[in-house]
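Below is one structure, written out as structure tokens; the observations come after it.
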Amino acid sequence: MKKVNLVLSGGAARGVAHIGVLKALEDLGFHVEALSGASAGALVSVFYAWGYSPEDMIKIVLETNWLKLLRPRISSISRGLIPAEPLMRELHRFVPCERIEGLPKRVFVCVTDLFEGKALYLSEGNLKKAVIGSCALPGIFEPVEWDGKVLVDGGVANNLPVEPFQDSNIPCICVDVNPLGKMRSSVNLISVLVRSLFIAVRSNVESRKRMCDVVLSPPVESISPFEIGKARELFEIGYESALASLKRL
């Protein structure tokens, strides 16, 4: 069995493609030794590290009522449209693990320290706060307070967090599911915020691809980061593209 470390980028709904990549890795006989992820990539990393199979994860995605879960709350609008606490409760329901180091596989959760303006790679500490903080798109999700810091989306500072594996002798596969592409959705507050963030993070991704042994880029640019209704299609794109790329290698 071939051991690899896996780095998963952010990308909102496009992060479902990571689940397809994981299935391709398993089908080809790879063993994921450790994971590092930002935003949606952190979420997928934690579910996989806890023991969910790719089939389990896509089933959860398809059965979750996302409109109810991501409902804006007026009480939290001063810090973000969507409060953090309900998301942390939902995460704990599926992954009842208190601390990152309690996961069966090693995971690094990339977050952005809002005060210091830099990326942190958390491998210890409160799991719920770290993961939901890593997913906290500024202006949309409420930031998360963590050990005297304020955490926002990890992709702001580093959307392809390969740094934790730079001294490892295990090959590192990096998966980028956030190609920029052209904007197709209508212009509104949320689309402007997310589009602006995605433009900003491209620069920190391209430079890090040179640090990866293998880079997989599933062709998901035709699917909006908001289109969670296309989860099954995203899963299949991730699976088929990873299968083809890794077979060639």
Side-chain angles (χ1 to χ4, degrees), residues 5-12 15 34-46 49 76-88 91-92 95 97-103 106-168 172 174-178 180 189-190 192-212 225:
N5 292 323
L6 192 61
V7 178
L8 305 180
S9 78
L35 304 100
S36 176
S39 196
L43 195 60
V44 172
S45 295
V46 164
S76 65
I77 200 167
S78 62
R79 304 189 74 193
L81 295 173
I82 300 171
E85 188 58 39
L87 301 176
M88 288 192 280
L91 174 61
H92 189 70
V95 184
C97 179
E98 294 296 333
R99 298 181 63 82
I100 304 169
E101 65 268 32
L103 295 167
R106 194 172 191 196
V107 172
F108 296 89
V109 177
C110 177
V111 299
T112 298
D113 179 343
L114 189 62
F115 290 158
E116 296 291 333
K118 64 182 182 181
L120 303 176
Y121 310 102
L122 306 178
S123 58
E124 298 179 345
N126 188 295
L127 177 67
K128 300 189 299 291
K129 289 188 174 185
V131 174
I132 300 306
S134 182
C135 296
L137 281 165
I140 298 176
F141 292 91
E142 180 186 9
V144 173
E145 295 183 6
W146 191 89
D147 195 24
K149 306 179 188 301
V150 174
L151 309 182
V152 296
D153 195 295
V156 172
N158 185 353
N159 205 39
L160 199 66
V162 64
E163 282 81 351
F165 301 134
Q166 284 305 282
D167 296 326
S168 175
C172 183
C174 299
V175 189
D176 176 20
V177 297
N178 194 31
L180 189 59
L189 173 62
I190 293 178
V192 169
L193 286 171
V194 174
R195 177 70 174 180
S196 300
L197 175 62
F198 282 5
I199 291 171
V201 303
R202 287 314 301 172
S203 60
N204 73 50
V205 168
E206 295 304 321
S207 61
R208 287 176 169 88
K209 286 183 178 180
R210 296 190 292 271
M211 302 161 67
C212 306

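Along the sequence shown, the residues carry numbers beginning at 1.
The two residues V152 and P143 make their nearest non-hydrogen contact at CG1-CB, 4.0 Å. Closest of all the heavy-atom pairs between F108 and Y121 is CD2-O, 4.2 Å. V107 and S45 get closest at one heavy-atom pair: CG2-O, 4.1 Å. Between G102 and C97, the shortest heavy-atom distance links the atoms C-SG, 3.7 Å. Closest heavy-atom contact between R208 and E163: NE-OE2, 2.6 Å. Closest heavy-atom contact between G10 and S39: CA-CB, 3.9 Å.
Proximity of a side-chain donor or acceptor of E142 to a complementary backbone N or O of L81 within less than 3.5 Å is not detected. Under a 3.5 Å cut-off, the side chain of S134 and the backbone N or O of C110 do form a donor-acceptor pair. With hydrogens and angles disregarded, a donor-acceptor distance shorter than 3.5 Å links the side chain of N204 to the backbone of N159.
With values rounded to the nearest 0.5 angstrom, L8 atom CG is found 9.0 Å from L160 atom CG. Separation of atoms NE2 (H92) and CD1 (I132) is listed at 12.5 Å; rounding is to 0.5 Å. The distance from the CD atom of E101 to the CG atom of L127 is 9.5 Å, given to the nearest 0.5 Å. Expressed to the nearest 0.5 Å, how far CG of D113 lies from CG of L151 amounts to 7.0 Å. Separating the NZ atom in K128 from the CG atom in L87 is a distance of 12.5 Å, to the nearest 0.5 Å. Going from atom CG of L114 over to atom CH2 of W146 covers 15.0 Å, rounded to the nearest 0.5 Å.
Residues V111 and K149 have side chains not in contact (no heavy-atom distance under 4.5 Å, counting atoms from C-beta outward). Residues L43 and L91 are in side-chain contact: their nearest non-hydrogen atoms beyond the backbone lie under 4.5 Å apart. For the pair S36 and N5, the minimum side-chain heavy-atom distance is 4.5 Å or more. Annotation: side chain of P138 is in contact with side chain of D153 (closest heavy-atom distance under 4.5 Å). The shortest distance between side-chain heavy atoms of L120 and L122 falls below 4.5 Å.
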Evaluate side chain to side chain contact (heavy atoms under 4.5 Å, CB included) for I82 paired with L137, printing each intermediate quantity in order.
CA-CA 10 Å; I82 300 171; L137 281 165; over 6 Å; no
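Between E145 and K129, no side-chain nitrogen of the basic residue sits less than 4.0 Å from a carboxylate oxygen of the acidic one, so the salt-bridge criterion is not met.
For the cysteine pair C174 and C212, the distance separating the two SG atoms is below 2.5 Å.
Under a cut-off of 6.0 angstrom, the local environment of NZ in K209 is crowded, with over 12 non-hydrogen atoms contributed by other residues, nucleotides or ligands.
If you check the side chains of S9 and N178, you find no donor sitting under 3.5 Å from an acceptor.
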